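Keep in mind it's a predicted model, so treat the numbers as computed, not measured.
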Protein chains: 2
Amino acid sequence: MTGLRTGERTAEIVIRRLSAFRRISPQAAANLEDAVRGRVIVASAGQEVVCEGDPADRIRIVLSGWLARYKALEDGRRQIVAFILPGETCDPYVYLTRQMDHSIASLTPTSFAEIERERFEALVASDRSLAEAFRCEMLSNVAIQREWTLNLGRRDAFERVAHLLCELIERLRRIGLWDGNSCALPVTQLDLADATGLSVVHVNRTLQELRSSGLIVLRDRLLTVHDLEALKEAALFSPDYLNYLPLA
Amino acid sequence: MTGLRTGERTAEIVIRRLSAFRRISPQAAANLEDAVRGRVIVASAGQEVVCEGDPADRIRIVLSGWLARYKALEDGRRQIVAFILPGETCDPYVYLTRQMDHSIASLTPTSFAEIERERFEALVASDRSLAEAFRCEMLSNVAIQREWTLNLGRRDAFERVAHLLCELIERLRRIGLWDGNSCALPVTQLDLADATGLSVVHVNRTLQELRSSGLIVLRDRLLTVHDLEALKEAALFSPDYLNYLPLA
DNA sequence: CGAGAGTTTGAATGTGCTCAAGGAACGTGG
DNA sequence: CCACGTTCCTTGAGCACATTCAAACTCTCG
């Protein structure tokens, strides 16, 4: 696998990600890779990549790095409504609406492909299982959003943070960024607070609680979990909502 | 408009609803009406129409009545993640997943059409703007879900309940169930609690607060709002996320 | 060395919850 | 026709989870 050019390596993670939903044929993969190579944007950490109100004229596929989708209230309160991970399509079919109703910011150095409406439509028209994979991704996005609604509405802080970690681990596992025990967690406690609807202070205390119960180790943006089943149990986590195909 | 048979009247609201997203041609409307008439299910209030774990083999379009989409935790905690109103499609394309990750219950006496996968795919294949309307409905669903995430995460009880009411009013207005000042609100305070992530007791107190600030009148399941702009302001509500076409 | 971002701690406060009980409205059966 | 059960709404009191405010600490980077 050494010696691959960047384009190939990054397309690889997109295929891997879509394969969580449908088997992607080599031909479809090649078409997708072409489209992905068309226009690649690079952003450093902390950039506003998409702003609320921007025209929704293209879709974006993340090649590397983490992004956060968020909505803000006039008085500054902010809610991260989703994390967007490598390989994920930001908003399949979003060009059917007039403008973005939320913003997207990079949490880490990031690269992503931009695909215009016409090109994307041609792509999904050319291959049925690719089209289905993108639609599954939409279904998965809304299922995750529903689970977050449950998380914010009915889980307490401890369960809530634990659940978020379980979800991220499961999603990272799909793209090979979870090694069985640990993964990079490149977000600040403020990000976690905005994602869980808690205050920074309380996230800090909740993480300490998770640490002292032996459920997680979190240091220098590296998350380690020795007993994932125990964490899932504490979080009342069940991965069904992610809509993934069974792992091989 | 008198003398229409039930099938025609109910198809009418489905067309009206989809027209919030795209102009539907008479031909497409006729096709849709055929599909809707194929299999109509009637349910009384309080029925579990779809259970978590059920096969996701068909889509459902509500003809009349209110439904609630909800998720439950093992210990009984329950979160309504969406209200489903007349004319709305429960889950466009849901058959691409294996099984339902949530349940749906009727809040009122309800009727809805069931459409099998093949029939639905033929329907959207036959008309481009109909297909786009259904995709817009998906985008709208996920946008609403994101807004609920913000609502539960960052608005306090008062704003939260006010925001939910604003959203429902806006959606009901689209299908002619808001007369400019009032609408039926056929849900219990327990339902509102499960939707807003609050306790019943606190919803009761919050409604009293909304009443005594003069923002709402709510009696016998009839909601009246004399100054909608004031309610929207209190809720920090802006309807952009609903993705509707401008009203004629 | 200083600046800045992120994390941690303590103390006081408050929003919303739980528990408990009573009241209103409605339908059913004796 | 009244008694009763059920569901929903309302109220009070005490408590708890999470917030806010403030400050100190750590680490990195220039």
Side-chain angles (χ1 to χ4, degrees), chain A residues 44-47 66 68 73 75-80 105-109 151-164 184-212 216-223 234, chain B residues 44-47 66 68 73 75-80 105-109 151-164 184-212 216-223 234:
Chain A
S44 59
Q47 301 292 303
W66 286 39
L73 294 176
D75 60 10
R77 280 175 284 178
R78 191 177 97 122
Q79 177 68 41
I80 291 180
S106 56
L107 298 174
T108 68
N151 210 22
L152 295 180
R154 290 301 185 214
R155 274 186 263 251
D156 65 26
F158 188 84
E159 298 164 331
R160 209 183 289 180
V161 174
H163 190 278
L164 176 59
L185 192 77
V187 299
T188 65
Q189 293 186 0
L190 179 58
D191 295 327
L192 291 177
D194 283 340
T196 52
L198 301 167
S199 66
V200 204
V201 172
H202 202 58
V203 163
N204 182 283
R205 289 176 173 138
T206 305
L207 287 173
Q208 289 178 48
E209 231 187 305
L210 281 162
R211 279 189 272 246
S212 64
I216 68 168
V217 178
L218 180 54
R219 272 197 52 197
D220 301 330
R221 310 274 157 103
L222 182 75
L223 171 68
Chain B
S44 59
Q47 301 292 304
W66 285 40
L73 295 176
D75 60 11
R77 280 175 285 178
R78 193 177 95 120
Q79 177 69 41
I80 291 180
S106 56
L107 298 173
T108 68
N151 210 23
L152 294 181
R154 290 299 184 214
R155 273 186 264 251
D156 66 25
F158 188 84
E159 299 164 331
R160 210 184 287 181
V161 174
H163 189 278
L164 176 60
L185 191 78
V187 299
T188 65
Q189 293 185 0
L190 179 58
D191 295 327
L192 291 177
D194 283 341
T196 51
L198 301 168
S199 68
V200 203
V201 172
H202 202 58
V203 163
N204 182 282
R205 288 174 174 140
T206 305
L207 287 173
Q208 288 177 47
E209 230 187 306
L210 282 162
R211 277 189 274 246
S212 64
I216 68 167
V217 179
L218 179 54
R219 272 197 53 197
D220 301 329
R221 310 272 158 102
L222 181 76
L223 172 67

Would you classify B:Gly197 as touching base, sugar-phosphate or nothing, given that sugar-phosphate means primed atoms plus P, OP1 and OP2, and contacts are heavy atoms under 4.0 Å?
sugar-phosphate
Determine the contact category for A:Val201: base if any of its heavy atoms lies under 4.0 Å from a base atom, sugar-phosphate if only primed atoms, P, OP1 or OP2 are that close, otherwise nothing.
base
Does B:Thr188 or B:Gln208 map to a spot on DNA chain D nearer the 5' end, using the closest nucleotide for each?
B:Thr188
Working to the nearest 0.5 angstrom, can you tell me the gap between B:Arg154 CZ and A:Leu152 CG?
9.0 Å
Give, for atom CD of A:Gln189 and atom CG of A:Asp194, the distance between the pair rounded to the nearest 0.5 Å.
12.5 Å
Hey, is the side chain of [X] poking within less than 4.0 Å of OP1 or OP2 on [N], counting only N and O atoms?
| X | N | answer |
| --- | --- | --- |
| A:Arg160 | D:dC17 | no |
| A:Asn204 | C:dT7 | no |
| A:Arg211 | C:dT8 | yes |
| B:Gln189 | D:dT10 | yes |

Selected nucleotide, minimal atom distance to B:Asp156 side chain, candidates D:dA18, D:dT10, C:dG16
C:dG16
Length of the line joining A:His202:NE2 and C:dT9:P, which is rounded to integer Å
15 Å
Can you check whether any acceptor in the base of C:dG10 is under 3.5 Å from a donor in the side chain of A:Arg205, or vice versa?
yes
Taking the nucleotide of DNA chain C with the nearest heavy atom to each, does B:Val203 or A:Val187 sit closer to the 5' end?
A:Val187
Between A:Leu185 and the options A:Ile216, A:Leu218, A:Asp191, the side chain to side chain contact (heavy atoms under 4.5 Å, CB included) test singles out A:Leu218
Does the side chain of B:Ser44 pick up a donor-acceptor pair with the side chain of B:Gln47 at under 3.5 Å?
yes
